[in-house]
Visitor: 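The structure follows.
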Amino acid sequence: MTNYDLIIRNGNIVTADSVVKGDIAVQAGKIAEVSVNKAIEAKAEKEINAEGLHVFPGLIDSHVHFNEPGRTEWEGLETGSRSLAAGGVTTFFDMPLNSTPPTINKENLELKRTLSEQKSIVNPRFWGGLVPENIENLKELHENGVIGFKAFMSPSGIADFNNVDDETIFKGMTEIASLGSLLAVHAESTVICDQLAQKKQREGKTSARDFVESRPIISEIEAVRRIISYAEATGCKLHIVHASSRKVVEVIEEAKRRGVDITVETCPHYLSLTVKDLEEKGGIAKCAPPLRDEDELEDLWVAVANGEIDVIGSDHSPAPASMKEIEGNFFEGWGGISGAQSTLNILLTEGYFKRNLPLEKIAALTATNPAKLFGLANKGTIAVDYDADLTLVNLNESFELKNEDLFYRHKHSPYVGMTFKGTVKTTIVNGEVVFDNGRITKELINS
């Protein structure tokens, strides 16, 4: 009789194509056998009875800022990866900025990779940066394994990660296309946002609503249209991050129909929070692009349901509480949402339970699609020979998120106080249980 390392029995196995009851066997970090409606006839060193639970492919969060090295006091690979594990995430892509030095050359990439091997309990991947001073470094970053490149079309807010002007981004896209890689962009118009912000502040208009109105949806649309034209001219594959409105997505959909190689991400906060939350919660709910009104939130859910959104990433951008405090002037204070631990909770509660979004679509948006888009050949689904990255969820359990539940370095989030339905019970990374019933069970997956 076969002996496996682990067998998960009687779970409801969720993939992008189906939800079926079955068993999953794991050997040497890989899925060795999947049996549907029939028990696996084997023994294992460890067995998990998943009766009544749903087994998802481990989430792939393609957009986090863990800020290490250099700004570990904001977050860090240790606390960040534990937060992800608690939220059912088994792989993350760390953005090139917020850490100091930023990931804009091979040396800085290797520094971040070494730290991740020492501190992360989930699988790390890395974005490389595109900034005005590093076009000659793009090739070495690509050859050393970055998942793609990230550029800001407007100021990033980080002094050592400059946004790109039009000439730089065009040259960078030409180089990235020649490498067969892709470019992810923060797409907001500097001119529109700067001019509106200056006008608001001159007039003494500094409320939450004023801040949001200074970064309107048309700012995103203008930048997206511009970068699409560059993609068509250079042949560069393009990924638009954190689209806040379906109006932005519609521009991308039209480009897709023309044959442009472009994809789009949205984030849980645009699917669960509105301008009203920013007004009530203050700086903890500030981000850029900003939160939108209720009608935009609902329309964005339509885009998700219609398959117009390719991936959902958390855009976890944490900071100490002191940087999130706002006293009247919403143009002050750091703009970033702490939310990496809650992505699946939001998609289940707001999507599956409230809006009948199929579980299969949640698996596609959070695992299968990012794995395909970013070339992770052995991740993103539950099938033989794929990595045993799995998340076990009890859909029947509800809980109110409290600060003490968070694994972040700074235990605050705009989601605190919300009631979620669907509890992450167990997270398995490369066949090893790293989170179980509320606690971290493995300190290092690479030790």
Side-chain angles (χ1 to χ4, degrees), residues 60 62-70 91-116 124-188 190 223-224 226-242 255 260-265 310-311 313 315 370-377:
I60 299 171
S62 55
H63 192 159
V64 302
H65 299 265
F66 283 164
N67 312 325
E68 190 170 4
T91 301
F92 68 87
F93 301 170
D94 196 27
M95 283 293 174
L97 72 161
N98 293 20
S99 55
T100 299
T103 313
I104 57 175
N105 57 43
K106 176 183 176 182
E107 180 183 2
N108 296 353
L109 171 63
E110 289 306 315
L111 177 59
K112 181 165 283 192
R113 179 177 282 132
T114 298
L115 289 167
S116 296
R125 298 290 191 278
F126 311 99
W127 289 95
L130 168 60
V131 293
E133 60 268 28
N134 86 322
I135 290 178
E136 67 277 7
N137 300 115
L138 300 181
K139 187 172 188 289
E140 69 177 16
L141 283 165
H142 175 71
E143 290 175 345
N144 283 274
V146 296
I147 210 76
F149 297 90
K150 169 71 178 295
F152 272 70
M153 298 178 73
S154 56
S156 71
I158 298 293
D160 55 7
F161 196 91
N162 295 314
N163 61 298
V164 289
D165 56 32
D166 286 356
E167 181 177 348
T168 297
I169 204 165
F170 193 94
K171 289 180 178 178
M173 291 174 76
T174 301
E175 175 70 4
I176 291 166
S178 75
L179 298 172
S181 188
L182 62 82
L183 178 67
V185 291
H186 178 124
E188 288 183 286
T190 301
V224 167
R226 182 158 33 103
I227 199 71
I228 285 172
S229 69
Y230 297 165
E232 291 182 281
T234 63
C236 183
K237 186 175 182 179
L238 195 59
H239 183 58
I240 306 298
V241 297
H242 50 51
V260 179
D261 195 348
I262 183 172
T263 50
V264 60
E265 161 203 281
D310 297 287
V311 299
D315 191 9
K372 289 179 179 178
L373 173 60
F374 298 106
L376 305 186

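Keep in mind that this is a model prediction, so the values were computed, not measured. Count residues from 1 along the sequence.
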Visitor: Donor-acceptor pair, distance only, cut-off 3.5 Å: does the side chain of Ser181 make one with the backbone of Ile147?
Guide: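 Not a single qualifying donor-acceptor pair exists.
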
Visitor: Could you report the tightest heavy-atom contact between Phe152 and Asn163, atom names first, then the distance?
Guide: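 Residues Phe152 and Asn163, closest heavy atoms: O-CB, 3.2 Å.
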
Visitor: Kindly give the heavy-atom pair with the smallest separation between Gly148 and Trp127, and that separation in Å.
Guide: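 Where Gly148 meets Trp127 most closely, the heavy atoms are C-CE3, 3.3 Å.
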
Visitor: For atom CD of Glu167, decide whether the heavy atoms of other residues, nucleotides or ligands shown that lie under 6.0 angstrom number more than 12.
Guide: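 Not more than 12 within 6.0 Å, no.
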
Visitor: What are the two closest heavy atoms between Ala187 and Val224, and how far apart are they?
Guide: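 So the two residues come closest at CB-CG2, 3.7 Å.
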
Visitor: Roughly how far apart are Ser99 OG and Asp160 CG, rounded to 0.5 Å?
Guide: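 CG of Asp160 is found 8.0 Å from OG of Ser99.
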
Visitor: How long is the gap from CG on Asp261 to OG1 on Thr263, to the nearest 0.5 Å?
Guide: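 It comes to 7.5 Å.
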
Visitor: Is there a side-chain contact between Arg125 and Ile60 (heavy atoms, below 4.5 Å)?
Guide: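 A side-chain contact under 4.5 Å is absent here.
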
Visitor: How about Ile227 and Ile169: do any of their side-chain heavy atoms sit closer than 4.5 Å?
Guide: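 Answer yes - side chains close enough.
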
Visitor: Name the residue from His186, Glu265, His63 that meets the side-chain hydrogen bond (donor to acceptor under 3.5 Å, both in side chains) definition with His242.
Guide: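 That would be His186; it is the only one of His186, Glu265, His63 passing the side-chain hydrogen bond (donor to acceptor under 3.5 Å, both in side chains) with His242.
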
Visitor: For Glu133, does the CD atom sit with more than 12 other heavy atoms under 6.0 Å from it, leaving out its own atoms?
Guide: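 Check passes, neighbour count above 12.
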
Visitor: Less than 4.5 Å apart, side chain to side chain, heavy atoms only: is that true for Asn134 and Leu141?
Guide: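 Yes; the side chains approach each other to less than 4.5 Å.
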
Visitor: Quick check: do Leu130 and Glu175 have side-chain heavy atoms less than 4.5 Å from each other?
Guide: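 Side chain of Leu130 against side chain of Glu175, heavy atoms only: no contact under 4.5 Å found.
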
Visitor: Test side chain to side chain contact (heavy atoms under 4.5 Å, CB included) on Ile176 and Leu138; report intermediate values, then the result.
Guide: CA-CA 7 Å; Ile176 291 166; Leu138 300 181; 4.0 Å; yes

Visitor: Can you name the nearest heavy-atom pair linking Leu183 to Cys236, along with the distance?
Guide: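 Closest pair (atom of Leu183, atom of Cys236, distance): CB-SG, 4.1 Å.
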
Visitor: At what distance, to the nearest 0.5 angstrom, does CG of Asn98 lie from NE2 of His65?
Guide: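 It comes to 5.5 Å.
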
Visitor: If you define the side chain from C-beta out and look only at heavy atoms, does anything of Lys237 sit under 4.5 Å from Leu373?
Guide: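 A side-chain contact exists here, since the closest heavy-atom pair is under 4.5 Å.
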
Visitor: Partners of Lys372 by side chain to side chain contact (heavy atoms under 4.5 Å, CB included), sequence neighbours excluded?
Guide: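 Testing Lys372 for side chain to side chain contact (heavy atoms under 4.5 Å, CB included), a comparison that skips the adjacent residues, returns Thr368.
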
Visitor: Is Phe66 close to Pro124 at the side-chain level, that is, under 4.5 Å between some pair of heavy atoms?
Guide: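 No; the side chains remain at least 4.5 Å from each other.
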
Visitor: When you compare the side chain of Ile240 with that of Ile262, does any pair of heavy atoms fall below 4.5 Å?
Guide: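 When only atoms from C-beta onward are counted, Ile240 and Ile262 do touch, with a gap below 4.5 Å.
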
Visitor: Give, for atom CG of Asn144 and atom NZ of Lys106, the distance between the pair rounded to the nearest 0.5 Å.
Guide: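 NZ of Lys106 is found 5.0 Å from CG of Asn144.
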
Visitor: Set out, in order, the CA-CA distance, both residues' side-chain angles and the distance that settles side chain to side chain contact (heavy atoms under 4.5 Å, CB included) for Leu238 and Met173, then state yes or no.
Guide: CA-CA 9 Å; Leu238 195 59; Met173 291 174 76; 4.2 Å; yes

Visitor: Looking only at atom types and distance, does a side-chain atom of Asn108 sit under 3.5 Å from a main-chain N or O of Pro102, one as donor and one as acceptor?
Guide: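 Yes; judged by distance alone, with no hydrogens or angles, the pair exists.
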
Visitor: Which atom pair, heavy atoms only, marks the closest approach of Met95 to Lys112?
Guide: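 What the structure gives for the nearest pair is O-NZ, 3.3 Å.
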
Visitor: Roughly how far, to the nearest 0.5 Å, is the OG1 atom of Thr103 from the CZ atom of Phe161?
Guide: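 Here the rounded value is 8.5 Å.
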
Visitor: If we only count heavy atoms from C-beta on, is the Tyr230 to Val185 side-chain gap below 4.5 Å?
Guide: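 Counting from C-beta outward, Tyr230 and Val185 never come under 4.5 Å.
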
Visitor: Of the non-hydrogen atoms in Pro69 and Leu111, which two are nearest, and what is the gap between them?
Guide: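 Reported closest heavy-atom pair: CG-CD2, 3.6 Å.
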
Visitor: Look only at the side chain of Asp310 and the backbone of Val264, and say whether a donor-acceptor pair between them is shorter than 3.5 Å.
Guide: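 Yes, Asp310 side chain to Val264 backbone: donor-acceptor pair under 3.5 Å.
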
Visitor: Output the distance between atom CG (Leu182) and atom NE2 (His142), rounded to the nearest 0.5 Å.
Guide: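 Spacing of CG (Leu182) from NE2 (His142) equals 10.0 Å.
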
